[in-house]
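Each ligand, and each atom within it, is numbered from 1 in the order the structure gives. Please read all numbers here as calculations on a predicted model, not as lab measurements.
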Amino acid sequence: MSRTFVGMPAFPEAAHEAVGNRTLRRNLRHATHTIRAKRAKAVAEVSDWAELREAGRQIKDHTLRRLDRYLVQLEESVTAAGGTVHWAADADEANRIVTELVKATGESEVVKVKSMATQEIGLNEALEAEGIRAYETDLAELIVQLGRDRPSHILVPAIHRNRGEIRDIFRSRMGAWGRPAPEGLTDTPAELAEAARLHLREKFLRAKVGISGANFMVAETGTLVVVESEGNGRMCLTLPETLISVVGIEKIVPTWRDLEVFLQTLPRSSTAERMNPYTSIWTGTTDSRTADGPQTFHLVLLDNGRTDTLADQVGRQALRCIRCSACLNVCPVYERAGGHAYGSVYPGPIGAILSPQLRGTQSEIDASLPYASSLCGACYEVCPVAIDIPEVLVHLRERVVEGGPVTRGGNKVVLKPAKGHAAERAAMRAARWAFSHPGALRTGQRLVSHSRRFHPRTLPGPGRAWSASRDLPAVPAEPFRDWWRRTHGGKDTR
Ligand code: SF4
């Protein structure tokens, strides 16, 4: 079983530890720079990328505004196609539903397609507590599971591992989970992939129950879509007799036409491919005598904080996310801190805005996440559904500051980071006063301009470290409003 994120320290503490790990930094730098360069090339090939991005944004916003209607339509479509829909308000309810469904089949093991939603609810751990073993079949998830590790990237959960580490994990741990690694296994990619293939094949052929998430659900036909690169998902979706899919309610799109947009933007943004190697699409159940696919299909629709997120007018845009991970790969903070520091299955910029909304900002880790960013905006630039992550981060910082005490392990602790917040609050109060007193603002601006020769080049006190590596912006010789009046001959509009 992989370790969970429960009890992780706040971001600054966890990141501090990660930044000191040279191997981790080297692994992350190499991987993120490689993926980001490939993505940029793949996106540049598409002449109407900006239009596709805007279409994706509009489709998601339209769907989220009418989510109640589309979810009911989806339920009717899935039911009509032979599936059964279950509604789960939170992680506990979803885990209970899935556990009971597996138990009803009489099976004690399941194969899994890579799924963020099942990681979010801790499904593997919940199944294990009931004596059911869940086998991850995605190569990177397999590495994480065998290494008793935690995922650190949305798309490449074992991005923090290099080939040598993976070889060692396979050699030492595969035998405990089934077929051992071949004798003399080296760290060449082909050998590692073959070892995983042999290890997983016996599980695919034996499994009677598969568990998946979905990238998209099409409301008009009740169709689910999984995109992947390895083919393990296709095996899990077609071989077992029973399929249970746990999917967040925001993964819905109204029509197949809408799906067309995301099947263009997702592969280029995530793996820099023009098209996903495997796009598995299924609707309800199949007759085993005539077709591949599940004879029994259950869809568990997961809320777990999503409707609360939807109620926040600024924060709701996080629900547009299609989990491409492009924002992680360009983020300077993620590149140095790694994914574990975010204390959630959703790391990087999207994790910094999604986790505090799904879980609330009352815990120390969630209250620290909106600060895990330099607000450089690179994440927004690459996001294929135009989520303005910096805007949401600033909005969530406000929520943290206004929200009162945070907790660690159920106990209240001082609002974190207390010093920063107090200074920030004082600065904001001063700014509010100045902007609501234009006369004083104008006098202050002139004073600052006239005394610019005497301004220090570095900040005093606690600001010294900040200004030691930065140039303070130059103060203009003349305030903007004076310049405007002089050059345009008009009045100060205040
Ligand atoms: S926020 Fe945007 S860039 Fe980041 S994972 Fe989601 S869709 Fe991709």
| query | Are any of the side-chain heavy atoms of Ile166 and Asp187 separated by less than 4.5 Å? | reply | no

| request: Answer whether the closest heavy-atom distance between the side chains of Thr286 and Asp292 falls below 4.5 Å. | output: no

| field | Between His340 and Phe11, ring centroids under 6.0 Å | value | no

| said: Out of all atoms in ligand 1, which are within 4.0 Å of some heavy atom of Ser325? Include the element for each. | reply: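 Per the distance check, 5 (S), 8 (Fe).
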
| request: Using the test ring-ring contact (aromatic ring centres under 6.0 Å, His included), find all partners of Phe262 that sit at least two apart in sequence or belong to another chain. | output: Phe216

| query | Between Tyr135 and Trp177, how do the two ring planes meet: parallel, tilted or perpendicular, split at 30° and 60°? | reply |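 Geometry flag for Trp177 against Tyr135: perpendicular rings.
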
| message | Set out, in order, the CA-CA distance, both residues' side-chain angles and the distance that settles salt bridge (Lys or Arg N to Asp or Glu O under 4.0 Å) for Glu45 and Arg268, then state yes or no. | response | CA-CA 10 Å; Glu45 286 179 355; Arg268 288 180 193 264; 2.9 Å; yes

| query | Which protein N, O or S atoms does atom 2 (Fe) of ligand 1 have within a distance shorter than 2.8 Å? | reply |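 Checking every protein N, O and S atom gives Cys383 SG.
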
| query | Given that the side chain starts at C-beta and the backbone is N, CA, C, O, which of these parts of Ser270 lies under 4.0 Å from ligand 1, counting heavy atoms, or is it both or neither? | reply | neither

| Is there a salt bridge (Lys or Arg N to Asp or Glu O under 4.0 Å) between Asp61 and Arg316 once you walk through the steps? | CA-CA 9 Å; Asp61 281 352; Arg316 69 172 59 144; over 6 Å; no

